S.K.: 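Here it is, the structure in full.
In the text below, chain A, chain B and the rest are named by the order of the sequence lines, each starting its count at 1. In this text, all values refer to a predicted model and were calculated from it rather than measured experimentally. What's counted below: heavy atoms across the whole structure, side chains too, no hydrogens, waters or symmetry copies.
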Amino acid sequence: MMDLKDLTEAIKTGNRTQATSLTQEALDADLTPQSILDAMVVGMDEIGDKFKRNEVFVPEMLIAARAMNESMAILEPSLVKSGYKPLATAVIGTVQGDLHDIGKNLVSMMWKGSALNVIDLGTNVTPDKFVAAIKEHDAKLVGLSALLTTTMPSMKATVEAIKSEELSDVKILIGGAPVTQSFADQIGADGYSPDAASAVDSAHQLLGIR
Amino acid sequence: MNSLEQLSQPNISELDRSIFRRIAQNYLLNWPVGICVVQPDGQRLMAKNWWAGRDSVTHRDLLAFNVQEGLRFGEPTVTYCPDKRLYWAVPIMQNSKVLGGIVAGTEEEALFPSGMDQPPLDLRKACCELRLMIERENLTNSAVLEKHRIDTERERERAEVLHLLKLEDLSGVRQLYLREEPRLLSTIRQGDRSESRLIINRILTMILHHAGDRFELVKSFMMELVATICRTAVEAGADPEEMLGNNFQSMTALASIRSMEQLAPWLHAVLERTMDAIAAHPDNTSSMIITSAITFMQQHLHEPIGRDDVAMAVDLSPSHFSRLFKHHVGQGFNQTLVRMRVDHAAELLIKTRMSIGQIAHASGFKEQGYFAKSFHRLMGQSPRSYRQHQANCMA
Ligand code: B1M
């Protein structure tokens, strides 16, 4: 059986050629997408620990993140079920001032896989852009991601902007490493999810699906 | 004063070309990069070793964004551009106004000059050097940048605590507080400012995280914390009266605090004042530590304790403990410990009818031979004849 440690290593060193081909190999070997993803996340966590200890700097994180994003793109088709009629449209993005997108991309992928039509606004998204996208796509769910403690206020500002528009019953779900349930309560978000898998359950719950 | 500061309406296009040339020349000596000056909107003004052609709008936005990030984090931070270049920047400032920035950039390929599996260019150093150069030319607001760097570091520590908290799922803010408090008090006693600051940040983060918006609850914790810090400072040698004054001042300031944001600087000020008060009496502090080390040694003489155990008991690093011990006691740790063991044995020889073997054991000597040798060296006779001699004297 194939060893996913090599994939973890490839993500860690930012070797995207190897990371993408190992992802494909893992899929071909019928490993579950979740186990493949977990191996990638371990790589990211390890690079994060090294950054914490000043052993690597931003460029190493950047290339690791790119290797991860490209490998995730290979996984996407096997996660996203085709032929489904989307149950609702969701808008997702990383809040203003924040460039971290891996967690958000994961949630986005999982949502697509659970019959949601997902509009991904990318990173560094202003409250205005979120509001405009909700209106344009008549979205019933918004996902906000923040990875910096210093962009948590942007999350609050975004929630306020959405609420002040009185957009008909759009639900707001938030997540990201520094975000917690108590923060969600504090800023008036409708839900919080600690990880991408539970973000699917939360989304369905908020939308009243199932 | 730099050339920009002499202008009534400062503008980056007035930046002296010779200053830029000097910065560029020096920087390019060390780093294989391009460098340019941009306006706040990212428009390029002067450049050296830069890529040919005009910058697109997105490119300009990116350069402008980089300057903003350099200001926000107080240190240039590397961002990736889809054209496979990496950029980092330092804002050019007059007082708090950003007039533009100096941006450096390199091709992604240049990042690993000797191959992907070799260490990449040290861009952390490259970022820091760029800032220092620009600070030396007095083209930026160093004080603002420094403050932002400190804030960034504090936020980073806060983020890490939050990550940990999410993993650990510890319940109850009091339990968390009680876990951190002994560590804080011991770093305060040791006069370790940076470690104390770190722990204070951890405590604050935990309390704020758990207390949510119950601000009064947070304040009550703060009062408790400050009282404990003051007590510890007095134990550690600070002047009691001065600490009483400090305590009063801190509590008065706390009363007027209305928001979570004001709490961190307030608590840090409390800490700094406390550390200053302890540092004003350094000898009190360390002699207290050594006194408690000796008490610990006396209480554990019968056990096989060593230097590291005692250092740990008084919360000092072994090497620091050794130095401090020698300074205060006048002889090394091991020598003192053997002396104490022998004194204890001598007392037992006189006061009890225990056998020599039992006494050796009770005084912490693992081997009787070593006990006999040490005893003889320090007392000038063997344990047996010492017992005999003392008995004769009493009689
Ligand atoms: C909508 O509903 C939901 C629901 C769940 C949601 C959700 C939304 N969003 C996320 N989730 C949840 O689901 C996912 C798992 O299933 C999870 O997502 P995560 O994103 O948490 O997890 C991912 C799967 C894997 N994890 C990650 O992708 C993040 C890893 C770490 C190492 C990290 C990376 C990779 C990067 N970084 Co940065 N980075 C760190 C990170 C350390 C860490 N341990 O988090 C962190 C977050 N970074 C930090 C810092 C300081 C910075 N980073 C910066 C930059 C970067 C890179 C761009 C280089 C890169 C990101 C690249 C990219 N394309 O995303 C800078 C800021 C730039 C900016 N303006 O945003 C810079 C300031 C560094 C600098 N000096 O330049 C720290 C934050 C400090 C703080 N104040 O909060 C940090 C904790 C590292 C550290 N220990 O210092 C959950 O949180």
Side-chain angles (χ1 to χ4, degrees), chain A residues 9-10 12-19 45 48-67 69 96-101 103 122-124 146-154 156 175-188 192-195, chain B residues 61-62 65 68-69 72-73 75-82 84-88 106 108 110-112 115-128 148 151-167 169 173 201 205 208-214 260-261:
Chain A
E9 197 55 31
K12 219 169 83 184
T13 51
N15 188 335
R16 53 183 159 151
T17 333
Q18 209 179 355
D45 281 350
D49 284 342
K50 284 187 148 196
F51 180 71
K52 209 156 60 184
R53 295 194 299 267
N54 281 347
E55 289 169 15
V56 301
F57 188 42
V58 180
E60 289 92 321
M61 291 206 289
L62 276 168
I63 55 171
R66 196 174 43 184
N69 272 332
Q96 184 168 21
D98 206 317
L99 299 178
H100 297 83
D101 67 356
T123 60
N124 192 17
L147 261 279
L148 297 172
T149 53
T150 48
T151 52
M152 288 162 73
S154 306
K156 180 166 183 239
V179 178
T180 56
Q181 180 63 53
S182 74
F183 180 68
D185 297 341
Q186 224 173 307
I187 66 171
Y192 154 76
S193 291
D195 52 52
Chain B
D61 287 350
L62 208 100
F65 177 74
Q68 283 305 325
E69 291 274 284
R72 176 178 166 201
F73 298 114
E75 185 82 295
T77 169
V78 180
T79 40
Y80 180 70
C81 169
K84 298 200 175 146
R85 289 181 212 155
L86 301 161
Y87 296 124
W88 55 102
T106 186
E108 196 188 328
L111 189 59
F112 291 90
M116 269 292 276
D117 43 1
Q118 294 302 306
L121 279 186
D122 190 351
L123 288 194
R124 191 193 296 270
K125 199 165 158 210
C127 285
C128 185
H148 290 186
D151 291 347
T152 302
E153 194 46 38
R154 194 188 56 231
E155 284 301 321
R156 184 169 145 168
E157 282 159 9
R158 196 158 84 87
E160 276 154 20
V161 176
L162 283 171
H163 295 185
L164 261 181
L165 282 173
K166 282 173 82 169
L167 287 178
D169 188 30
V173 59
N201 283 338
T205 309
L208 299 188
H209 172 75
H210 277 264
D213 49 7
R214 288 169 295 166
M260 301 281 194
E261 287 72 35

S.K.: Report yes if some heavy atom in the side chain of B/Cys127 is under 4.5 Å from a heavy atom in the side chain of A/Phe57; otherwise report no.
M.R.: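 In short, these two side chains touch, coming nearer than 4.5 Å.
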S.K.: Could you tell me which portion of A/Asp185 (side chain, backbone, both or neither) has an atom closer than 4.5 angstrom to a non-hydrogen atom of chain B?
M.R.: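 It is neither, since no heavy atom gets under 4.5 Å.
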S.K.: With only heavy atoms counted, which part of B/Glu108 is less than 4.5 Å from chain A, the side chain, the backbone, both or neither?
M.R.: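 Side chain of B/Glu108 only, per the 4.5 Å heavy-atom cut-off to chain A.
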S.K.: Taking the side chain as every heavy atom from C-beta outward, state whether A/Leu62 and B/Thr79 have any atom pair closer than 4.5 Å.
M.R.: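 The answer is no; the side chains never approach within 4.5 Å.
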S.K.: Determine whether more than 12 heavy atoms belonging to other residues, nucleotides or ligands lie under 6.0 Å from atom NZ of A/Lys52.
M.R.: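 Counting other residues, nucleotides and ligands, NZ of A/Lys52 exceeds 12 neighbours.
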S.K.: Measuring only between side-chain heavy atoms, which start at C-beta, is A/Val56 closer than 4.5 Å to B/Arg124?
M.R.: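 Result no, sub-4.5 Å side-chain heavy-atom pair not found.
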S.K.: With a 4.5 Å heavy-atom cut-off, do A/Leu99 and B/Phe65 have their side chains touching?
M.R.: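 Answer yes - side chains close enough.
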S.K.: Please assess A/Thr150 against B/Glu155 for the test side-chain hydrogen bond (donor to acceptor under 3.5 Å, both in side chains), listing each intermediate value before the final yes or no.
M.R.: CA-CA 7 Å; A/Thr150 48; B/Glu155 284 301 321; 5.8 Å; no
S.K.: Please lay out, stage by stage, how A/Phe51 and B/Arg156 fare under the test side-chain contact (heavy atoms from CB on, under 4.5 Å).
M.R.: CA-CA 11 Å; A/Phe51 180 71; B/Arg156 184 169 145 168; 3.8 Å; yes
S.K.: Hey, which of A/Val179, A/Leu147, A/Asn54 has the most heavy atom pairs under 4.5 Å with chain B?
M.R.: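 Highest number of heavy-atom pairs under 4.5 Å: A/Asn54.
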S.K.: Under 4.5 Å from any heavy atom of chain A, what part of B/Leu111 do you find: side chain, backbone, both or neither?
M.R.: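 Just the side chain, heavy atoms under 4.5 Å.
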S.K.: Please tell me if the side chains of A/Val58 and B/Leu123 come closer than 4.5 Å, counting only heavy atoms from C-beta onward.
M.R.: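 Counting from C-beta outward, A/Val58 and B/Leu123 never come under 4.5 Å.
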